[in-house]
Every structure is written in structure tokens, then in C-alpha cells.
Amino acid sequence: MQIYYNIASYRQWRQTVRGRVVFVPTMGALHAGHASLVTLARQMAGADGFVVVSIFINPLQFGAGEDFSRYPRTLAADQELLASHSTDALLVPDAPDMYPNGEAEIRIVPGPMAETLEGADRPGHFAGVCTVVAKFLNIVAPTHLILGQKDFQQHVILARMIEQLNFSINLVVAPTMRETDGLAMSSRNRYLTTEERRRAPVIYRTLCWAVREAQRKPLDAAQLTENIRQRIEAADLKTRYAVICNPHTFAAVNGNIGRHDVILIAAQLGTTRLIDNMQIE
Ligand code: PAF
């Protein structure tokens, strides 16, 4: 595995490469969920193609008071995981390389669908995500991009960005990887105390329960949402949002739940913010 610590040296390598380049952008603190994305990237790239991973903790997508400074930095372990999953190139640029003027003067600001849910809780978050991913797409020049299903709103917004800004890239969304008790894998799970970790799977259990209920009989979205909230709060988590919504617009479902709708949950457990989702179908 080649490691490039700056954009210029990566670009030199990229010029020598033809064919499929499958890209997995990350913020590091890699876990088995990331490993599954890289495994998928390897399969998609085949023997002749290339797997590129980036690690960059993007300051632009963190709000004031969020966890930018304590976000886990585990570069040595990350390199080992990526090398053992047949990554060809790892790009680890620093902030001055990505944002030479100290901050991004030009940003990609997505529309109203980025102002709800995660976007309402974390103003400016998706502008930060879109800006850094657009930059990486220009730098890495991939043919394929892999994102995880866990960050549901993120991959929908990025799909819209790719389409509407005419990036010539195929986006593949990979399923959420879970711990044996169902907790969605996340770099932020490292923040949980032992006692919090024990309570965290209530989100997954509640999603499974709600999906089963919605599949079993016609259900009113407002009623089911209220039941979801009660179950999460009974485990002493604070619900930031729990919604049943259209997976393309994030508009909350009014009345009966349809089989294409999605349930999105964000909950605060101590100092940790957890998100998860499940589609009804
Ligand atoms: O999902 C993430 O880890 C980040 O939002 C991403 C896509 C790497 C952009 O910084």
C-alpha cells in the first residue's frame, strides 16, 4: 500500500493509473464497518483496478462544541487495517493542504433537504461534507465511490450532489455493519462507557420492532414515531429525532406508512451522539 501525505504526490501517482479506481472516503478511527467498505471496493476494483482510501478529519463538518478535537486519531492502526484489506493507495492530507486559506472560501451548500434532521441538529454540517467530498472527488478522480448506509441523509445528499454537479462517478451504498447485539458500527462508539455501551443497542432493537410492526399491519406514522421515542427514552437515551420519512425528500410521513419509507433515529447517550436507520421493506 502506498501512502500519500499530500495532494500533489497522490496526483502524480494517479496520473500513472488507468481503469477502475474505487474510492472510500473516511475520517479514520477505522473499524469493521470501514473494513467491509474496503472489501467491497476491492471486489469492485478487481485485480486490474485500484482501491483508494482517504483519511481526513474534516474540520468544516464539525460545529462549535462538537467532537472535532476529541475525534479518535488512530493512524497506525488504520494503516494496518487498510494494508491487510488490499488497499492500493491511502491519502492522508493535512488541513493546510485541503484548506490552504485556513478555511474554505468556496463551499457547496446543499438545499433544504440538508437543513432537516442531522442538518437541523448540526447547522452547516452537510455543507462541510459536500465541500470536502467534492474536493476529494476532484483530487482522487475515482470511477466509483463507496459510502455507508448508516449515514443515510449523508449518502442521499451526496448522491444528489454527484447528479446535480455532473460528477462522472458511480455511487455505491454499502449496508450498515453491526456489532453482535445490533449496535451500528461507528467510530464514535469508542466514546461510550461500559454502562452506556450496554444500553446503546436499544436503538437497533427499536428499529427492528418498528419495522416489524409496520410490516404487520397498516400503521399511522405519528403513532409509531411516538412509540419509538418512548422505547428509546425508557433506556434513558435522549431522542434528538425519530422520524418515519420519505427516503428521497426526508418529508415526514403523514398517515399510513409505506413500504419504501425509512425510519431515522438520532439519540444522545451521555456525551455521544448515535444515529441509525432502517427501511421498512
Ligand atoms: O462519513 C464520513 O466519515 C465523512 O462524513 C466523510 C464522508 C468521510 C466526509 O468527511
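Predicted model only: the values in this text are computed from it and were never measured. As the structure lists them, so they are numbered: ligands from 1, and atoms in each ligand from 1.
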Exercise. So with a 6.0 Å cut-off around CG of N138, is the heavy-atom count from everything else above 12?
Worked result: yes

Exercise. Which atoms from ligand 1 have a heavy atom of Q61 less than 4.0 Å away?
Worked result: 4 (C), 5 (O), 9 (C), 10 (O)

For this session: Describe, in one word, how the ring planes of F136 and F23 are oriented to each other, choosing from parallel (under 30°), tilted (30 to 60°) and perpendicular (over 60°).
Result: tilted

Problem set entry | Closest protein heavy atom to atom 3 (O) of ligand 1, given as residue, atom name and distance to 0.1 Å | M27 CG, 3.7 Å

For this session: Please state which part of L158 comes within less than 4.0 Å of ligand 1, counting heavy atoms only: side chain, backbone, both or neither.
Result: neither

Exercise. Taking the inter-plane angle between the rings of F56 and Y99 on a 0 to 90° scale, is it parallel (under 30°), tilted (30 to 60°) or perpendicular (over 60°)?
Worked result: tilted

Problem set entry | N/O separation below 3.5 Å, N58 to ligand 1 | no

Problem set entry | More than 12 heavy atoms of other groups within 6.0 Å of N101 CG | yes

For this session: Measure from the ring center of Y204 to the ring center of W209 and say whether it is less than 6.0 Å.
Result: no

Problem set entry | Identity and separation of the nearest protein heavy atom to atom 7 (C) of ligand 1 | Q154 NE2, 3.6 Å

Problem set entry | Under 4.0 Å to a heavy atom of V132 - the qualifying atoms of ligand 1, by number | 9 (C), 10 (O)

